[in-house]
Number of protein chains: 2
Amino acid sequence: MNKINKKTEYALMALKYFSDNTQGPVLVSAKDLAEKTHTPFDVIARVLQALSSRGILKAEYGVSGGYQLVKNLEDITVYDLMNILESSTELAKCLGSETSCELSSTCTIVSPITNLNHRVQNFYKSISLAEVLHV
Amino acid sequence: MNKINKKTEYALMALKYFSDNTQGPVLVSAKDLAEKTHTPFDVIARVLQALSSRGILKAEYGVSGGYQLVKNLEDITVYDLMNILESSTELAKCLGSETSCELSSTCTIVSPITNLNHRVQNFYKSISLAEVLHV
DNA sequence: TTAAATACGATTAATTTTGACGTATATACA
DNA sequence: TGTATATACGTCAAAATTAATCGTATTTAA
């Protein structure tokens, strides 16, 4: 299918919100972001947690808590984001770690797929979120 | 996500078989290809039909029929193959023709996603199957 | 006429994605 | 010090997508 998933889309929305609103309050809660972006709270909350655990956002607990953007969008690639939020960044299932394919012993396209996979990943590594969001 | 589907994988196997066996008989049946590639007959049969309807293979009916590669792999791009066999080549659902997204009126990332989508598609258009398969 | 091939509509099974629920933990503030 | 509000996260259910199968029609060589 070649699609990014909803979580990655929601993350782009959230990150765009952060980078478009550098004037307002630094901390933005998941609830606020869900409202601003019109996305389901539970899902975007998970997304924010994931971004926070990977050092893109910083979380603050408690009543007036929320998230803060602590990394430069120039320094985050599309690949990074996919790596955090997609179930896998591999082009084919057989390339994902241990989950081997039943065809693997006879498969004739392991090296073609592996090669293409690298090219695709390098392509996504070459694009920063700043480039994507500041259009 | 970001994965190619089984049909595209099977197509790569089939096309590799054709391009690796230019000495043997020109016509290869779906049954033969299913055996050679260890893939389910019904599925690869559909794949071959699709490739044939798009002018990559030529089909011959009847008892000693089968398929023949009639296009140069240099002239088929990865994008072409995806376009034939993937349900969609768009990076996000909202970009696919009429199926509009319920967020579209408030969505803040339409143009970023659209832009990224073009870049991804151009990337896939820049790689030929010859490049991919002859590794 | 029969066997073996492509063509394709329709349906089922399997997998993945998306979203929701429940609960634990942390913190500001009255 | 209690309460409201925030993050954190395990688990599960619903929805959507992908993969595979079944059935039947059509074509053609022998």
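Labels below follow one simple rule: chain letters A, B, ... track the order of the sequence lines, proteins then strands, and each chain is numbered from 1. Predicted, not measured: the structure shown is a model, and the values here were computed from it.
- Take the nearest nucleotide of DNA chain C for B:Y67 and for A:V43: the residue whose nucleotide is more 5' is B:Y67.
- For the 3.5 Å distance criterion, the side chains of A:N2 and B:E86 fail to qualify, holding no donor opposite an acceptor.
- Remark: C1' of D:dT7 and CG of A:L51 are 14 Å apart, rounded to the nearest angstrom.
- The residue among B:D42 and A:S52 whose nearest nucleotide of DNA chain D lies closer to the 5′ end is A:S52.
- You'll find that the side chain of A:K31 is closest to D:dA6, out of C:dA28, D:dA6, D:dA19.
- Of the listed nucleotides (D:dT17, D:dA19, C:dT6), D:dT17 has the atom at the smallest distance from the side chain of B:K93.
- When the shell of 6.0 Å around NZ of B:K36 is examined, it contains 12 or fewer heavy atoms from other residues, nucleotides or ligands.
- Going from atom CD of A:Q49 over to atom P of D:dA6 covers 14 Å, rounded to whole Å.
- Distance, B:Y10 OH to D:dA20 C1': 9 Å, rounded to whole Å.
- Considering only the side chain of B:V63, C:dA4 comes nearest among C:dA4, C:dA28, D:dT27.
- Separating the NZ atom of A:K7 from the C1' atom of C:dT17 is a distance of 9 Å, rounded to the nearest angstrom.
- Among the heavy atoms of the strands, none lies under 4.0 Å from A:A45.
- What separates CZ of A:F41 from C1' of D:dA8 is a distance of 11 Å, to the nearest Å.
- Between B:Y79 and B:F123, the closest side-chain pair of non-hydrogen atoms is not below 4.5 Å.
- Backbone-only contact: B:S87 has heavy atoms under 4.0 Å from sugar-phosphate atoms and none from a base.
- Side chains of A:F18 and A:L33 form a contact here, defined as non-hydrogen atoms less than 4.5 Å apart.
- Counting to the nearest Å, the P atom of C:dA5 and the CD atom of B:E60 are 13 Å from each other.
- Note on B:Y61: every side-chain N or O is 4.0 Å or more away from OP1 and OP2 of C:dA3.
- When each of B:S53 and B:D32 is assigned the nucleotide of DNA chain C bearing its nearest heavy atom, the one mapping closer to the 5' terminus is B:D32.
- Among C:dT15, D:dA8, C:dG19, the nucleotide with an atom closest to any side-chain atom of A:P40 is C:dG19.
- In this structure, B:Q68 atom CD and C:dT6 atom P are separated by 13 Å, rounded to whole Å.
- Side-chain N/O atoms of B:D80 and B:T77 include a donor and acceptor closer than 3.5 Å.
- Taking atom CG of residue B:N2 and atom P of nucleotide C:dT17, one finds them 11 Å apart after rounding to whole Å.
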